[in-house]
Amino acid sequence: MIVTRFAPSPTGYLHIGGLRTALFSYLWAKKNGGRFLLRIEDTDVSRNNEEAAKAIVDAFEWVGLKHDGEITYQSKRLDIYKKYIQQLLDEGKAYACYMSKEELDALRETQMAAKERTRYDSRYRDFTGVAPEGVKPVIRIKAPTSGKIIINDGIKGDVVFNAEDILDDFIIARSDGAPTYNFVVAIDDALMGVNQVIRGDDHLSNTPKQMLVYEALGFELPKFYHVPMIHNADGKKLSKRDGATDVMAYKEMGYLPEAMTNFLVRLGWSHGDQEIFSMEEMLELFDPSDINKSASIYNHEKLDWLNAHYIKNMDNSALADALEAYDLVMTSHDKKEILLDAVKERAKTLKEMADLIKEILSTPKEYDEKGMQKAFKGNADEVLKSFCERLNCATQLHLPIDYHKVMEETITALDVGFGKIGQPLRMALLGKLSGPGLDEVMAIIGKDETLNRVELILEKI
Ligand code: GLU
């Protein structure tokens, strides 16, 4: 069975890069009938970890990912790590190092002066003497001093490191006994049964260290997939400056979870030239070995495009429910269907859609100046007045087409082109020359409000 995991450090929110790795891990496990686990890597941090975990689970819930089983907190597993530290000491695979900070600094300086790579010189590796007094030792793991370490990466292929360049008898427990990052990650993954690790390639240089821990403890190595980073348009690592990075901020801006997962799955992964993927399709088609070897580029227009697509295809009652989060309650609006149909093709986000609807439903407070100049040339006011008279007499006014007929009658009677009524009427109804179809707008606001808006603009000019 494939077991994957997502292992965030608790920052209090879920980053979109993190959500992408989580999605990849989720899809790969679920596609294969496996398990997708969640672990909070909170050994170093004194934040409220339960809250951080909640932020992650909330974001997962929003996009429809669900982790299996209980959440693992590293901070609750110190006894386990300590047991393994002791095991390695007992087996002679790790040792106490009494080098003081001053000694380490001095060593570093000498190495830097000689233009050598700064590294620990293994002076306590085979130490049999009497330990210096008053120094609390760190625990270091015995690493190979030569040879190659090869990560058989599912995305990058074989990644080869020289052991002497990377391992350095690294510290697995600090002088206060606290275990270190790479040590606990390897133990947790092994004990949790994680056999496929999908994570950002910013962790690539940690992997040889973790592999050493696996080997020292006799654990079976998982398959690694190191996913290239998401870059901005300038080819730099995505940062807060490039837009929202907190997943839930996208929710607030009015992005749909379907658009978000579709957007993320295509950041680094593709299937032919297909752009639209439902969750079912992702589950069917995703394979981490198809992930691109190079970084992906964050393209916000693409997200907007996808979101518009999912909004357009959403059914109106679900849309009405979703819009409630943007202070728009439409359950009682009798022209709900016409209203939603009129705007759903025009909005990139739910928020934009809610704003558009609010705009239609409220009498304009101001009028775009340029639009006024353009629309009210010649006898526009006469045309509007004539339109109002006809509208007043009309009895059958329910659908957009009913209003359209009144507009047609007016221009035929006055023998003018459609623009002569369209532009001033648009200014009257919406205060500007852009927006949804006038027939729809009138059908939505009804006869009285249409007349009211036209009267208001006629008073203005
Ligand atoms: N805690 C690490 C991070 O948030 C992830 C570790 C891993 O995936 O191995 O970047």
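Order of appearance sets the numbers: ligands from 1, and atoms from 1 within every ligand. Since the structure is predicted, the reported quantities are computational estimates derived from the model, not experimental observations.
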Neighbour list for ligand 1 [protein residues, heavy atom under 4.0 Å]: R5, A7, P8, S9, E41, Y181, R199, H203

Residues N206 and Y181: side-chain donor-acceptor under 3.5 angstrom: no

Verdict with supporting geometry, Y98 and Y124, ring-ring contact (aromatic ring centres under 6.0 Å, His included): CA-CA 7 Å; Y98 295 89; Y124 282 97; 5.7 Å; yes

Side chains of residues 138-145: which donor-acceptor pairs under 3.5 Å do they make with residues two or more places apart or in other chains?
{"residue": "R140", "atom": "NH1", "partner": "D169", "partner atom": "O", "Å": "3.0"}
{"residue": "K142", "atom": "NZ", "partner": "G92", "partner atom": "O", "Å": "3.1"}

Test applied, side-chain contact (heavy atoms from CB on, under 4.5 Å); reference residue, V185; option that passes from K209, R199, H203: R199

Approximate separation, where rounding is to 0.5 Å, of K148 NZ and D158 CG: 12.5 Å

Residue of the set F263, F286, W269 for which ring pair (Phe, Tyr, Trp, His ring centres under 6.0 Å) holds with F277: W269

